[in-house]
Undergrad: 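The structure follows.
Whatever order the structure lists ligands and atoms in, that order sets their numbers, starting from 1. In this chain, residues are counted from 1 in sequence order. Values below: every heavy atom of this structure, side chains too, minus hydrogens, waters and symmetry copies.
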Amino acid sequence: MSAQAMRLSTRLAKIKPSATLAVTEALAELRRQGKDVVDFGTGEPDFDTPEHIKVAATKALAAGKTKYTPVGGTLELKQAIITKLARDNGLTYATEEVIASCGGKHSLLNAFLALFQEGDEVIVPAPFWVSYVDMLALADAKAVIVPTSEADGFRLSPSALEAAIRPRTRAVIINSPSNPTGSAYEAEELRALGEVCLRRGLMVISDDVYERLTYDGFVQHHILSLCPDLRSHTLLISSCSKTYAMTGWRLGYTAGPKHVVAAMATLQGQSTSNPSSITQAAAAEALTGPQGCVDEMVVEFARRRTFVLERLRAIPGVTVSAPRGAFYVFPSIGAFLGRRIGGRDLTSASDLASYLLAESGLAVVAGEDFGAPRNIRISYATSMALLEKGLDRFERGLNTVAAAA
Ligand SMILES: Cc1ncc(COP(=O)(O)O)c(C=O)c1O
């Protein structure tokens, strides 16, 4: 068939492949060539899904739960989501106000498609998770990027939020703890942002996928428990992926006003239908079963976080702040840019990331696609042995760059 016959839609011109998935692919290619590459790029826990969750899935299989379920999830799963929201967030939802989808990504895309249209603007604090901007573009909405600074802990201030509001602004995305920075908002900060949203009639899209992964005693509060009046214009979006090491199972969920959830169900009913029935059984167990597995993973992430921060802070030229949550650090590598090495000009974080991948056998994600061209993202969701090996490579690579003209 000719290229003309298979002409792609203009929709595709609005988006690009995910930068994080692109790193994974580049790394896979190098590994196919037999190269030894350490992966600091991947945004998923290296732990296996906890046993009791896997058992729930095998039980569901054995019980023949292999048929279509209601589009937005089984009653059992919806009730599990409701239980989780009450237990962890002190929030009360009814079954018609929650919907399960095929991963947090799917929940976000459905939410954007349900809520936004041509000309709508959505405030996205930078650094931001790569997919927001592209998903908003798919929904014909425009991301209005509002920078935050490392000095302010990469957190959006109420005054910056207020200043970014224009006549077509409809919503703000709050992702706390954040991918890629690991920054997270204190209760008072969230309350202040919530008050701006209330006063100015902004919707809040609260992406909570990392809410349980916090360190040094930091407790992530929910904007809705601080500003209950926001309930009618807030969508809470979360996922089993990061909290329960379930990235491959694909289960995300949304809680929000009934009419929005119903609209998302209509979209889902005409596209993917229900998330996998087996995954739903596993997710119900994850959300309502023993939660000690999450605490164990957090203890291990915390140990790695301390190690990574210590190693990074010992590298001259690297600056890094301690993230409150998630499993990423987001060091500034600006001091290494503007140099030339081995025929390469290192003008941006992606030049440096390409250099590290090719010359040091280390995969990191460049900050450009997160809206931060002088930073890179390192994921510490990998073993201590690999962290040590990768950080040795990082240090040697940067020292070599620093010695170049
Ligand atoms: C901030 C953020 N939100 C949502 C997601 C979606 O995760 P999933 O689709 O696996 O639930 C991710 C995954 O990387 C993320 O980092």
Undergrad: Can you tell me if NE2 on His259 sees more than 12 non-hydrogen neighbours from other groups inside 6.0 Å?
TA: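 Result for NE2/His259: open.
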
Undergrad: Can you see whether Asn175 engages Tyr210 through a side-chain donor-acceptor pair at a distance of less than 3.5 angstrom?
TA: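 Side chains of Asn175 and Tyr210: no pair found under 3.5 Å.
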
Undergrad: Just list the side-chain donor-acceptor pairs under 3.5 Å for residues 385-392, sequence neighbours left out, or say none.
TA:
unit_1, atom_1, unit_2, atom_2, d
Lys389, NZ, Asp36, OD1, 3.4
Lys389, NZ, Asp36, OD2, 3.3
Asp392, OD1, Arg311, NH1, 3.1
Asp392, OD1, Arg311, NH2, 2.9

Undergrad: Parallel, tilted or perpendicular, judged at 30° and 60°: which one describes the rings of Phe327 and Phe301?
TA: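 Because their plane-to-plane angle lies in the 30° to 60° range, the rings of Phe327 and Phe301 count as tilted.
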
Undergrad: Tabulating one pair per line, provide the atom names and distances (0.1 Å) for every N/O atom of ligand 1 that is less than 3.5 Å from a protein N/O atom.
TA:
unit_1, atom_1, unit_2, atom_2, d
ligand 1, 3 (N), Asp207, OD1, 3.4
ligand 1, 3 (N), Asp207, OD2, 2.6
ligand 1, 9 (O), Gly104, N, 3.1
ligand 1, 9 (O), Lys105, N, 2.9
ligand 1, 9 (O), Arg250, NH2, 2.7
ligand 1, 10 (O), Ser241, OG, 2.7
ligand 1, 10 (O), Arg250, NH1, 2.8
ligand 1, 11 (O), Gly104, N, 2.6
ligand 1, 11 (O), Ser239, OG, 2.6
ligand 1, 11 (O), Ser241, OG, 3.1
ligand 1, 14 (O), Lys242, NZ, 2.7
ligand 1, 16 (O), Asn179, ND2, 2.7
ligand 1, 16 (O), Tyr210, OH, 2.8

Undergrad: Does atom CD (Gln33) have a neighbourhood of more than 12 heavy atoms from anything else shown, all under 6.0 Å?
TA: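 Check passes, neighbour count above 12.
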
Undergrad: Flag the pair Asn89 / Leu85 as yes when at least one side-chain heavy-atom distance between them is below 4.5 Å, and no otherwise.
TA: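 Of all side-chain heavy-atom pairs linking Leu85 with Asn89, at least one is under 4.5 Å.
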
